[in-house]
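Here you go, one structure.
Please read all numbers here as calculations on a predicted model, not as lab measurements.
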Amino acid sequence: MTLNDATAAPTPLERPAYRYYVLGLLMVVYTFNFIDRQVLAILAPYIQAEMNFTDSQLGLLGGPAFAVVYSTLALPIAWLADRVSRTSIIATALAVWSGFTALCGLATGFTFLFGARMGVGVGEAGGVAPSYSLVADYFPKMQRARALAVYSFGVSIGTALGYLFGGLLAAAIDWRAAFIVIGLAGVLLAPLLKLTVKDPVRGRYDRAAPVADATGIVTPLVPVKAASFGEVWAILLKKPSFWFLSFGAACSSVYGYGAAFWLPSFFQRSLGMEGAERAWYMAGISFIGGTAGIWLGGWLADKLGKGVKKATYPLVPAVGFIIAVPLFFIAMNTPDKWTAFALFLVPQALALAWLGPITTAVQHLVPAHMRSTASASFLLINNLVGIGLGIYLLGAVSDYLTPRFAEEALRYSLYVGQWFYALAAILLFIAARSLRRDWVD
């Protein structure tokens, strides 16, 4: 192969249209990830009315039942994704978690629903880390934060659609139908991903371009051998920014996931919203505020983080968390629901601005062939603490405060959770101090 041959026409993988198709489809899959993960939140009042669950029991269903298996299995699955087809893993994971979501609709009690939610976690464990790695191999470094931000739109869109479809189906039919319809829709998407998304060479944008010898012959790049857990963790243990980024994101997720799960119940108990109205209200906050914040965070990080300004990646969300705390408090204490809606949009946006910058920074703490495992290590901490603790903690605090505050106990529980955003900001400010030194180009 000559140098001219190597630099002539772009391959199908390099064509912008295909690259954006892959990103769009991965975002749709991530959307289903969050639809299935968050639909329980909007259905919680219906389930609670039928099965008489306490807030603590609902917290266990929304948090530990999902988070423990999701977080721990993500690491071995990501290790596998550094060695075999990432596309096959993601497609299989999508089919599994969607199937268990449908199974939730057949629940007969707490134990059955707890087991089905564990199954959702098993499936979703194979979705995110391999997708992060795929996006990094479809987009060059200068576009990566924005690409990961677009992928992360699945968080806000999926949460919004989970609230909307779940709420509308529950109001029109019942909560069981909501689980079944949403779950089966995800199962149908899995073959499309498997058949149309190719798995590119790992690190294709992160290694030096092939160099021709004196005769014009180019030696193709040889893929780097996948790393072991020990090799990846040997690098991460020496990088303080990884730990501050991970626990900073985890603290933000304690309240982020907690509020996403409990706000629908808060709006019912404290503002008297029911059925379809609550579904539309929550969907609007999640979609408008969340999508704007995710894009803004990725755009600012790519814009301000060029060259040596790597500290921008954690500083952008850190500032956002500081501003979000008082705004959430003000929004929750605004009596007019439409004024409150407008106020909720801003802290919702600021609270999700971390997704693009932080996930990009984690991608650059290790060489390209270690990214899936490094991402899963980050997600292990973020999700085990964030999902596992946040949803259950707010539910348990609400139960504890109920004898004193009755229906308003959940309001005060949400106030307590807001301080985790302040702690997240502190940890991300510390991460900014060492990130430039730990960065791998």
Query - Check: L379 main-chain N/O paired with N383 side-chain donor or acceptor under 3.5 Å - result: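 Flag set: sc N383 to bb L379 pair under 3.5 Å.
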**Report entry** Check: Y412 ring centroid to Y415 ring centroid under 6.0 Å
**Finding:**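 Yes, they do, as the ring centres are separated by less than 6.0 Å.
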Requested in this report: Compare every heavy atom of G123 with every heavy atom of A93, then report the nearest pair and how far apart it is.
Outcome: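 Closest heavy-atom pair between A93 and G123: CB-O, 3.0 Å.
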Requested in this report: Can you spot which of Y163, Y281, W262 makes a ring pair (Phe, Tyr, Trp, His ring centres under 6.0 Å) with F267?
Outcome: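 So, applying the ring pair (Phe, Tyr, Trp, His ring centres under 6.0 Å) to F267 and each of Y163, Y281, W262, only Y281 qualifies.
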Query raised in the report: Looking only at heavy atoms, which two atoms of F34 and G154 are closest? And how far apart?
Result: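 So the minimum-distance heavy-atom pair works out to CB-O, 3.7 Å.
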**Report entry** Rounded distance (nearest 0.5 Å) linking atom CZ of F321 with atom CG of L428
**Finding:**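 Between F321 CZ and L428 CG, I get 6.0 Å after rounding to 0.5 Å.
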Query raised in the report: Does Y30 have its ring centroid less than 6.0 Å away from the ring centroid of F153?
Result: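 No, too far apart.
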Requested in this report: Begin with the C-alpha distance, continue with both residues' side-chain angles, and end with the deciding distance and a verdict on side-chain contact (heavy atoms from CB on, under 4.5 Å) for M27 and I157.
Outcome: CA-CA 9 Å; M27 187 267 286; I157 297 172; 4.0 Å; yes
Query raised in the report: Of all heavy-atom pairs between L58 and F261, which one has the smallest distance, and what is that distance?
Result: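 Of all heavy-atom pairs spanning L58 and F261, the closest is O-CZ, 3.6 Å.
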**Report entry** Aromatic ring proximity, centroids under 6.0 angstrom, W97 and Y70
**Finding:**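 No - the distance between ring centres of Y70 and W97 does not fall below the 6.0 Å cut-off.
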Requested in this report: List the atom of A361, the atom of L435, and the distance in Å for their closest heavy-atom pair.
Outcome: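 In terms of heavy atoms, the two residues are closest at CB-CD2, 4.2 Å.
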Query - Test applied, side chain to side chain contact (heavy atoms under 4.5 Å, CB included); reference residue, P264; option that passes from L43, I42, L40 - result: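 Testing each of L43, I42, L40 against P264, the sole residue satisfying side chain to side chain contact (heavy atoms under 4.5 Å, CB included) is I42.
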Query raised in the report: Which atoms form the tightest heavy-atom contact between G127 and I90, and what is the distance?
Result: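 Closest approach of G127 to I90, heavy atoms only: O-CG1, 4.0 Å.
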Query raised in the report: What heavy-atom pair brings D137 and P200 nearest, and what distance separates the two atoms?
Result: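 In terms of heavy atoms, the two residues are closest at CB-CG, 3.8 Å.
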Requested in this report: Kindly indicate, with the supporting measurements, whether the criterion salt bridge (charged side-chain N to carboxylate O under 4.0 Å, His left out) is fulfilled by D438 and K310.
Outcome: CA-CA 10 Å; D438 293 341; K310 306 304 182 189; over 6 Å; no
Query raised in the report: Would one find more than 12 heavy atoms of other residues, nucleotides or ligands at under 6.0 Å from atom CZ of F429?
Result: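 Yes, enclosed.
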Requested in this report: Compare all side-chain heavy atoms of L427 with those of W243 and state whether any distance is below 4.5 angstrom.
Outcome: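 Side-chain contact under 4.5 Å: no.
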Report task. Sort out for me which residue in L355, V135, L23, V362 forms a side chain to side chain contact (heavy atoms under 4.5 Å, CB included) with L148. Result ->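 Only match with L148 under side chain to side chain contact (heavy atoms under 4.5 Å, CB included): V135.
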Query - Side chains of Y257 and N382, donor plus acceptor under 3.5 Å - result: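 No pair is found: no donor N or O on one side chain lies under 3.5 Å from an acceptor on the other.
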**Report entry** Gap between atom CD1 of I430 and atom OG of S241 - 0.5 Å precision
**Finding:**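 Between atom OG of S241 and atom CD1 of I430 there are 12.5 Å.
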Query raised in the report: Could you go step by step and tell me if L394 and V254 meet the side-chain contact (heavy atoms from CB on, under 4.5 Å) rule?
Result: CA-CA 9 Å; L394 296 187; V254 168; over 6 Å; no
